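Structure record follows, encoded as structure tokens.
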Amino acid sequence: MKLLEPVIGLEIHLQLKTKSKMFCACPNQEAAAPNSFICPVCTGQPGSLPVPNEQAVRWCILAGLALNCHINPSTKFDRKHYFYPDLPKGYQISQFDVPIAEHGEFQIITGGGIRESAVIGITRVHLEEDAAKSFHGEEGKTFVDFNRAGSPLIEIVTEPDFRSAREAKVFLQELRLLGRALGVSNAEMEKGEMRCDVNVSMREIDKNGLFVGSEFHPKTEVKNVNSFKAVERVIEFEIQRQSKLWQMSSPPAVSSTRGWNDDKQATEEQRTKEDSGDYRYFPEPDIPALDLQAMIKEIKPTLPELPAARRRRFVDEYNLSYENAKYLCDDQRLADFSEAMFSELFSWMETVPELETATEEVLEKEKHRLSKLAVGWLVSKYGGLLADKNISFEEQKISPENFAEFIILIAKGRLSTGNGLQVLQKMMDTGADPEHLIEEHNLNLVADESAISGVVKKIMDENPNEAARFRAGEIKLLKFFLGQIMKETGGKADPNVAKMILEQELGE
Ligand code: ADP
Ligand code: MG
Ligand code: ZN
């Protein structure tokens, strides 16, 4: 048996959410009817002139910067020729030898598997126009809808640096987050806003993991894979298929293009791949070279906080585990919500009289205690409630201020876990503030000693054996009795008062 390792590279198209298309003024958005957002430029009429979309150029620079690329001070467009019904000009305006950005790198954290993290080389980031969409109707007719023709895309090409399906998937998820953080693309794979070509080959390694023989071997390219799951499946399938060939001592001799058949969950042979020579690239004569120097200077300082940095800050500022920070930051709305909530919590801390004279150290500790409490409720409890009811975070009704107020009530001991959960459920349904709901539904904790004493007496009478053992000093039964009290009072007994009363019974 040969030891083998996968070698994977991705080519990703991200649809930019500019107002207009790449080289004309047509709206860049979904249209109600086919061929409603079209003009002579994006349908390739003779004599029409393309004019580059400045916003798209700026966003490509921004994406290039976020991917740690070198931004070329001057760039140009090129024609890439191929024949296809959805390409009326017979060529696509793209970028060949001077992309806007190149030579970048991007770190992904997989947190396990073959390696914990990896730095993925970014070969290039360039700008191009999308093709139209063709679809096949009845009677063997093919229709073309040009609404998408000329939409701006950035293409991101990676080095063959992935070593597993999981790494590729994590990279794509990170890219989606990046597109959203930069505000350049929603990067929804299901909507075709992010599309991916997957390249896979295998190579032989020795027991130290060093490659044996050639560094790279002929690859398989699978074009236009359009979901995270499909990307994973494609890679896993190709690893299996190619490994078999390797073990039979007949590894693929030439590169090939295959397609993903979702019904069969398999890749299938397609035409053999053209290399760049076949595209007869040449400079687009209708668009002068662009000098980017002023734009680069202007854009650099506007780079927002990137997802990886935000996660790191969540870990530091709120004392979260990496997993929790990732969970909160994976959805921008949830991350924004959390920040607003933490800010409320921390400002409340400043109003607590006992903390006014506290040392830095004590304040830090208290901050961490609050954060931990808040994240526990937000991630495990509230996250669970939302998942149970199939409500997305986008649709949820609680404001960060009300959630913070709720956490404060728990922190102050005004709510126990039990009735806290009831309050949270009602907040989820109505979006109302917790104080209001506590009043309305009488969910205040019962801290009245005589009332709780009565309950304790009742439970002790009902459980004479346990009561005797407890009174004789079997302290571990405290938990049992606390549980019974909570059950009896519907979670409304103040746990601190209940505990105090129980402890008085000890040793009697
Ligand atoms: P092509 O000319 O066939 O498009 P490129 O060299 O431009 O090939 O690379 C396209 C993509 O394929 C890149 O993402 C690159 O990392 C990846 N790639 C290149 N060679 C290999 C290989 N031997 N195995 C896996 N991926 C590869
Ligand atoms: Mg390619
Ligand atoms: Zn147009």
Side-chain angles (χ1 to χ4, degrees), residues 4-13 18-29 31 35-45 48-53 67 80 82 88-89 93-97 99 102-106 118 120-126 129-132 145-152 155-165 167-168 171-172 175 196-204 211 213-223 225 231 234-235 238-239 242 246 251-258 270-279 281:
L4 299 169
E5 101 177 327
V7 173
I8 303 154
L10 301 176
E11 297 160 274
I12 301 117
H13 286 102
T18 51
K19 287 204 177 68
S20 56
K21 292 188 184 180
M22 188 59 230
F23 297 111
C24 62
C26 289
N28 175 37
Q29 45 183 267
N35 295 313
S36 35
F37 294 150
I38 59 174
C39 76
V41 174
C42 55
T43 52
Q45 309 297 311
S48 62
L49 276 180
V51 179
N53 182 327
L67 293 165
K80 178 183 184 180
Y82 56 98
K89 297 196 291 286
I93 306 179
S94 179
Q95 296 195 282
F96 184 49
D97 50 337
E102 55 191 333
H103 311 309
E105 55 174 42
F106 193 66
I120 306 301
I122 306 295
T123 316
R124 54 191 283 139
V125 183
H126 74 241
E129 58 175 337
D130 208 345
D145 174 5
F146 288 97
N147 283 338
R148 198 183 69 179
S151 286
E155 176 167 345
I156 298 158
V157 181
T158 79
E159 292 293 301
D161 287 341
F162 302 98
R163 295 290 171 267
S164 68
E167 288 184 357
F171 179 85
L172 289 173
L175 209 55
C196 182
D197 300 345
V198 180
N199 299 272
V200 185
S201 67
M202 302 298 290
R203 67 181 174 197
E204 197 175 346
F211 65 85
S214 316
E215 186 175 3
F216 296 118
H217 294 271
K219 66 183 164 74
T220 292
E221 176 171 12
V222 183
K223 283 198 178 285
V225 186
V231 169
V234 162
I235 294 172
E238 277 303 306
I239 290 174
Q242 293 182 30
W246 274 84
V254 289
S255 289
S256 62
T257 303
R258 297 174 74 88
Q270 288 181 337
R271 68 190 155 79
T272 47
K273 205 177 148 27
E274 56 278 87
D275 60 34
S276 62
D278 297 336
Y279 290 125
Y281 277 103

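Hydrogens, waters and symmetry mates play no part in the numbers below; they use all other heavy atoms, side chains included. Worth saying up front: this structure is predicted, and the values here are computed from it rather than measured. Order of listing sets the numbers, starting from 1, for every ligand and every atom in it.
- Put simply, CG on Leu10 and CG on Asp161 are 10.0 Å apart, with the number rounded to the nearest 0.5 Å.
- Shown in contact with Pro160 at under 4.0 Å from a heavy atom are these atoms of ligand 1, numbered in order with element: 16 (O), 26 (N), 27 (C).
- The part of Glu159 lying near ligand 1 is the backbone, judged by heavy-atom distances below 4.0 Å.
- Remark: Gln29 engages no residue in a side-chain hydrogen bond (donor to acceptor under 3.5 Å, both in side chains) (not counting sequence neighbours).
- Compare Arg203, Lys219, Glu221 by their heavy atoms: the one nearest to atom 3 (O) of ligand 1 is in Lys219.
- Scanning both residues, Val231 and Val225, for their nearest heavy atoms gives N-CG1, 3.5 Å.
- When atom types are taken as modelled, the side chain of Asp197 and the backbone of Glu11 share no donor-acceptor pair closer than 3.5 angstrom.
- Looking at Glu129 and Lys21, no side-chain N of the basic residue comes within less than 4.0 Å of a carboxylate O on the acidic one, giving no salt bridge.
- Taking the side-chain contact (heavy atoms from CB on, under 4.5 Å) definition, one finds that Pro251 meets it with Trp246, sequence neighbours left out.
- Within the protein, the number of N, O or S atoms lying under 2.8 Å from the Zn ion (ligand 3) is 4.
- Distance check, rounded to the nearest 0.5 Å: NE2 of His126 to CD of Glu102 gives 11.5 Å.
- Nearest approach of Ser214 to His217, heavy atoms of both residues: O-NE2, 3.4 Å.
- In the vicinity of Val7, heavy-atom distances shorter than 4.0 Å reach the ligand 1 atoms 24 (N), 25 (C).
- Per-residue contacts place Val157 under 4.0 angstrom from the following atoms of ligand 1 (heavy atoms of the residue considered): 13 (C), 14 (O).
- Listed by chain and number, the residues in a side-chain contact (heavy atoms from CB on, under 4.5 Å) with Ala25 amount to none (sequence neighbours excluded).
- In summary, the side chains of Thr123 and Glu159 do present a donor paired with an acceptor at a separation below 3.5 Å, with no hydrogens or angles considered.
- Only backbone heavy atoms of Leu10 (N, CA, C or O) come within less than 4.0 Å of ligand 1; its side chain stays farther off.
- Note: no N/O pair closer than 3.5 Å links Pro218 and ligand 1 by distance alone.
- Heavy-atom contacts of Phe216 reach the following atoms of ligand 1: 23 (N) (cutoff under 4.0 Å).
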